[in-house]
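Remarks on the structure that follows.
Labels below follow one simple rule: chain letters A, B, ... track the order of the sequence lines, proteins then strands, and each chain is numbered from 1. Computed from heavy atoms alone, side chains included, the values below leave out hydrogens, waters and symmetry copies.
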There are 2 protein chains.
Amino acid sequence: MAATINDVARVAGVSISTVSYALSGKRPIGEKTRQRIESAILELQYQPNAGARALAGRRTYILAVTEPLRPDTYTPAHMAFVLAAATAARAYDYDVLLLTQDEATGGLHRVTSSRLVDGVIVLDVLAEDERAELVRSLDVPAALVGIPADTDGLVCVDLDFEAAARLAVDRLADGGHRVVGLLGHPPSVYARGSNFPLRFREAFVARAAERDLEVRLGAPERTIAGVREAVAEILGPDRDLTGLVMHCEDTIQMRALDVLCEAGLRVPQDVSVISAASTFDTSTFTPPLDVIPLIPAESCSRAVELTIAQITGTVDPRVELIPPTYVDRGSTAPRRP
Amino acid sequence: MAATINDVARVAGVSISTVSYALSGKRPIGEKTRQRIESAILELQYQPNAGARALAGRRTYILAVTEPLRPDTYTPAHMAFVLAAATAARAYDYDVLLLTQDEATGGLHRVTSSRLVDGVIVLDVLAEDERAELVRSLDVPAALVGIPADTDGLVCVDLDFEAAARLAVDRLADGGHRVVGLLGHPPSVYARGSNFPLRFREAFVARAAERDLEVRLGAPERTIAGVREAVAEILGPDRDLTGLVMHCEDTIQMRALDVLCEAGLRVPQDVSVISAASTFDTSTFTPPLDVIPLIPAESCSRAVELTIAQITGTVDPRVELIPPTYVDRGSTAPRRP
DNA sequence: TCTAGGCGTCGAAGCGCTTCGACGACGGTC
DNA sequence: GACCGTCGTCGAAGCGCTTCGACGCCTAGA
């Protein structure tokens, strides 16, 4: 059997409560006593029993992470968020319970009302997401990574996709480009009401209008054929497009570069290319791409932080947008006259 | 506050233990009593407190899943296993705690000795894997998905990669092919001692020798250039290779098909191609590929099953190999004379 | 008719921890 | 020198659940 706090107390020659206070630091402990307790813990390899701790302390030190990997979600990107959340949680001594697909709502209900978890991190939020509703009605400490249509009463964190889109457009506009394209996600992603692709696209179009640019939008299927078609369309019959922003999965981006290459267009001499809101490493692409990175660790650690803050106190509902940054890798150039 | 078993007992007009037995089914309960209890539960929206249950019942109904997404692991495939494990666990009313990277061993120790989890699923096992050691010494209910070098005392489940390799070789040999290639993983994967790629490759070479075939091995980098180079090398200066087995990630496989295509080689007329031990869908490739699938749900649900069997009783250490199957999609043909 | 023995229920004893109140021993204050 | 506050420690009361033993009751077998 594993050692209990009782064993520790006996070996150290103190009472149970003293051990508990030594562990939690909630009351001062004498130096000698503390040392005896510490060596008893080491000797016995004591680890507090999680169940007992949860029962008595009303804290499980577990966070639920819900990520409903939907039929056409792109796994690597989404998993990056799950991992980032797990890592961030561990930094606060929290563990992470993974809630998937079918369990996204039912499971949320179950784990919160059975007090299995202290809080919830909601990933991959749709504009209309039942989990947002649920979290609101459950009134459980939670943070959403992503922005639902109705953020009332919720704590949300996300990259500022609108600002990212503007940043990309401005970069091209400042370089003198007049015709710019956005190579986006597959059509099904937009159809689903997935949140950030829409936000990005709208802001892109709006800023391009402000800057007086001509805009071409593409939503390619993932296949090489799909990408070829979308890129051809964006380039236009006269190939007058000189600025391309890609806000899509890495496979599509890589294929798009292949397509540009086979069309004899050089980056950045003929076309300036920017990879936007990407979770992957664009420095290994051929050529390496300028990128406005979407860093899972950033939003997830903030989400974890805010959730734990709710557990230990009170946090006002809010939407926190993380400002985008621009990484220059030489894939953009001023438009040639 | 959430309702407790006490409230249920009061509302139903029975004792606490009766409610508990009604819930667990461990003792017979009268029909009328059961109904009163059930409606009390519904009325109060009662959910047993997880902590109390864990403390009293010595079961948390949580399984740890460790997946140390290493620098160069290929996320989608690995996540498929995590998800499969989570889904399988839920089928047995177990939840899943995600242990990642840095926490793979330390975390395992922590969650088992604090009794946070009832058992452990170990994913992505290396030939020499400290987690295998740990599980052995911790003596905790566990199942490994993958086969470490030393399986002594462990419960392991995996696809029979050796048989899969033989199946692929035999298919080509039976079709009259004399020169066959294996397009494998990037070199770093083999270098790391990752388990199944090595097992597959060795069995492939051995079977090819038995069938008197000439073998060419490739371990391409993921880039299009890397794939191009590896494929060219495998094809040989005379392009006399007619059978190709691919045991690698989907991007590499797709790129290899692109490369064959641009080299003017048709599948299956010029080259027969088999995708081996693949977790992804090869039916959407151009052309669709024959595949010996590696089905995460299969091995994971068996692993979960075996772990839970250990929790509730005893299971003899064992290595269970799942026999491979062959799915014909028309990407192989007899060798043309 | 008497007695096993199964059924249905209850009370009580924990499970291992946190936390509140209490209490003696000090040191500082007026 | 009496008083107060702080420090360091202890005992005990739970937290909400499972499970063991006990105890009527009813049926079946002898």
B/Asn6 atom CG is separated from C/dA12 atom P, nearest whole Å, by 14 Å

Indicate yes or no for a side-chain donor-acceptor contact from B/Ser113 to the backbone of B/His109 under 3.5 Å, with no hydrogens or angles considered.
yes

Side-chain N or O of B/Lys26 closer than 4.0 Å to phosphate OP1/OP2 of D/dT19
yes

Selected nucleotide, minimal atom distance to A/Pro28 side chain, candidates D/dG16, D/dG8, C/dG8
D/dG8

Provide, to the nearest angstrom, the distance between the CG atom belonging to A/Asn49 and the C1' atom belonging to D/dC15.
13 Å

With a 4.0 Å limit, can you tell me whether B/Tyr21 has a side-chain N or O closer than that to the phosphate oxygens OP1/OP2 of C/dC7?
no

B/Arg27 or B/Ala56: which one's nearest nucleotide on DNA chain D is closer to the 5' end?
B/Ala56

Measuring to OP1 and OP2 of C/dG16, would you say a side-chain N or O of B/Arg58 lies under 4.0 angstrom away?
yes

Rounded to whole Å, CD1 of A/Ile41 lies from P of C/dG16 at a distance of 16 Å

Could you check how far CZ of B/Arg36 sits from P of C/dG8, rounded to whole Å?
14 Å

In whole Å, I'd like the distance from the CG atom of B/Leu116 to the C1' atom of C/dC15.
16 Å

Should the pair A/Asp118-A/Arg58 be classified as a salt bridge under the 4.0 Å nitrogen-to-oxygen rule?
no

Salt bridge check: are A/Asp129 and A/Arg131 linked by an N-O gap of less than 4.0 Å?
yes

To the nearest Å, how far apart are A/Leu23 CG and C/dT19 P?
12 Å

Counting neighbours of CZ on A/Arg115 that are heavy atoms of other residues, nucleotides or ligands and sit closer than 6.0 Å, is the number greater than 12?
no

If I take atom OH in residue A/Tyr46 and atom C1' in nucleotide C/dG16, what distance separates them, rounded to the nearest angstrom?
7 Å

Tell me: CD1 of A/Ile5 to P of C/dT18, nearest whole Å?
5 Å

At 4.0 Å (heavy atoms only), tell me whether A/Ser20 reaches a base, stays on the sugar-phosphate, or touches nothing.
base

Show, in sequence, the C-alpha distance, side-chain angles and deciding distance for B/Arg53 and B/Arg59, and conclude whether the side chain to side chain contact (heavy atoms under 4.5 Å, CB included) test is met.
CA-CA 7 Å; B/Arg53 182 132 87 126; B/Arg59 281 277 176 72; over 6 Å; no

Nearest-nucleotide comparison on DNA chain C, the residue closer to the 5′ end among B/Glu31 and B/Gly57:
B/Glu31

Between B/Asp139 and B/Arg136, is there a salt bridge with N-O shorter than 4.0 Å?
no

Is there a donor-acceptor pair closer than 3.5 Å between any side-chain N or O of A/Gln310 and the backbone N or O of A/Ala142?
yes

Would you jot down, in residue-number order, the residues of residues 12-19 of chain B having a non-hydrogen atom under 4.0 Å from DNA chain C?
B/Val14, B/Ser15, B/Ser17, B/Thr18

